[in-house]
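Okay, structure first, notes after.
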Amino acid sequence: MANATEPSWLLRDAGEKIAYFRDGHVTKGKTGAIWLGGFKSDMIGTKASELARWAKTRERALLRFDYFGHGQSSGDFKQGTISQWLADALAVMDQLTEGPQILIGSSMGAWISLLVALARPDRVKGLLLIAPAPDFTEALMWERYDESVRKTLVCDGIYLEPSDYGDPYEITLKLIEDGRQHLLLDAPIDLPIPVRILQGMKDTDVPWQHAMRLAEQLSGKDVQVRLTKAGDHRLSEPDDILRLTETLDGLLATIEA
C-alpha cells in the first residue's frame, strides 16, 4: 500500500504517469470524493492532507491526484493546458473510482470540477469549490494583463508571472488560447446538483466577486456561498479547515438523505 511519499500511478497517453493516493476506504452506499488541486499545486498540500485525515475518520473514500506537470506526476508544466488537466481528471474518475462522487476543487481545480461534472452528470452528485477560479486564464489573466505582457505572450509564447508562493508562474500563450475552449461564466451552467462555495474576501488571486458571478450562473437551486471576511486565497488556516470539513459533511448529508 502506498504511503505518503510513494504514490500509485495511472498510466496515460504517450507514457505519462499521473500520481495518486487513495485515502479512507470505499464503503457500500457512501458517496466517494475526489480532490482536484489548483494551478501549480499538488496533492500533499495542507487542505488535501487534512481531507485525507477526514476520509480516514469518516470511513469515506477520497482520491487525490496530481495533474500532468504537477507535483509527482510526469510531464512539463509549461506544456499543460486546461484540456490536458481536464482529461487527467476524467481519466482518474473513470478508471480509479466507482459509483457516485463529489468533487472538491480548489481554485483552478474548481474550474476542472465544473467541467468534469458537465461531462459526467451521471457520476457527479455534488461540488465543493474553494476559491473557485473558472475562466481564470481569460478573466483573471488575459483581461488583466497590460499591453506589454500580452505582447510578451504573443511574441515569446510565455510570460513569467511573479508569484507570492515561490517561483514565478510560467504562463504560456498555449494555456491562454486553450482556456478559451472551456469558458463557462458567460452563460448559464447547467448543473442541477448541490454546490457549496468557500471564498475568502481577502483573496487577491481570485476576488470574491468572481465566486459570486459563478453562483449566479449555476442553474441549480441548491447553491450556497460562504464568505470569510479575513480569508485569503489558500484558506488553509485551522478555522478554514474546520469550515471545509463541516461543509463537506453537510454536503454529503444532503446528497445521501
Side-chain angles (χ1 to χ4, degrees), residues 2 4-22 34-49 63-96 103-116 119 131-145 148-183 205-206 233-234:
T5 58
E6 297 176 356
S8 298
W9 303 96
L10 175 64
L11 295 180
R12 297 282 286 127
D13 300 336
E16 301 295 349
K17 299 191 301 180
I18 297 298
Y20 69 91
F21 289 124
R22 296 184 189 273
I34 304 174
W35 167 258
L36 294 94
F39 187 66
K40 212 172 184 181
S41 67
D42 57 46
M43 61 177 170
I44 59 173
T46 301
K47 292 187 294 293
S49 297
L63 194 140
R64 297 176 283 154
F65 72 99
D66 286 331
Y67 312 104
F68 168 93
H70 286 67
Q72 298 178 68
S73 292
S74 65
D76 181 355
F77 175 82
K78 295 191 296 298
Q79 299 302 314
T81 61
I82 301 301
S83 293
Q84 171 75 60
W85 300 325
L86 171 60
D88 292 340
L90 288 168
V92 163
M93 187 169 76
D94 291 346
Q95 298 181 45
L96 300 178
L103 307 181
I104 310 168
S106 178
S107 194
M108 181 186 79
W111 187 6
I112 303 295
S113 296
L114 291 160
L115 295 169
V116 170
D135 299 13
F136 78 91
T137 52
E138 196 71 15
L140 303 179
M141 287 183 173
W142 184 258
E143 291 180 4
R144 290 184 170 190
Y145 289 156
S148 66
V149 174
R150 292 185 182 186
K151 185 176 180 180
T152 297
L153 275 165
V154 171
C155 294
D156 300 340
I158 190 168
Y159 164 61
L160 300 181
E161 181 172 336
S163 167
D164 293 333
Y165 309 113
D167 294 334
Y169 289 140
E170 298 161 314
I171 310 301
T172 65
L173 184 62
K174 179 181 178 181
L175 173 69
I176 300 292
E177 292 178 338
D178 177 82
R180 291 174 180 147
Q181 302 178 45
H182 302 287
L183 301 179
D205 296 300
V206 181
H233 186 61
R234 290 186 171 186

Query raised in the report: Between Phe65 and Leu36, is any pair of side-chain heavy atoms under 4.5 Å apart?
Result: yes

Query - Side chain to side chain, Met108 and Ile82, heavy atoms closer than 4.5 Å - result: yes

Query - Interatomic spacing from CG in Asp42 to NZ in Lys40 - rounded to 0.5 Å - result: 12.0 Å

Query raised in the report: Can you tell if the side chain of His233 reaches within under 4.5 Å of the side chain of Ser107, non-hydrogen atoms only?
Result: yes

Query raised in the report: Is the closest side-chain heavy-atom distance between Trp111 and Leu183 below 4.5 Å?
Result: yes

Query - Shortest non-hydrogen contact between Leu175 and Thr137, atoms and distance - result: CG-CG2, 3.9 Å

Report summary line: Rounded to the nearest 0.5 Å, the CZ atom of Phe39 sits from the OH atom of Tyr169 at a distance of 7.5 Å

Query - With Asp76 via salt bridge (charged side-chain N to carboxylate O under 4.0 Å, His left out) - residues at least two apart - result: Lys78

Query raised in the report: Heavy-atom distance under 4.5 Å between the side chains of Asp13 and Phe68, does that happen here?
Result: no

Requested in this report: Supply the atom-to-atom distance Tyr20 OH to Ser73 OG, rounded to the nearest 0.5 angstrom.
Outcome: 11.5 Å

**Report entry** Any Trp35 side-chain heavy atom under 4.5 Å of Ser106 side chain
**Finding:** yes

Query raised in the report: How are the rings of Phe77 and Trp85 set relative to one another: parallel (under 30°), tilted (30 to 60°) or perpendicular (over 60°)?
Result: parallel

Query - Arg12 side, atom CZ; Asp88 side, atom CG - distance, nearest 0.5 Å - result: 5.0 Å

Query - Separation of Arg64 CZ from Ile104 CD1 (nearest 0.5 Å) - result: 11.0 Å

Report summary line: Output for pair (Glu16 CD, Leu11 CG), nearest 0.5 Å, gives 10.5 Å

Requested in this report: Quick one: list whatever passes salt bridge (charged side-chain N to carboxylate O under 4.0 Å, His left out) with Arg234, sequence neighbours left out.
Outcome: none

**Report entry** Minimum side-chain heavy-atom gap Arg144-Val149 below 4.5 Å
**Finding:** no

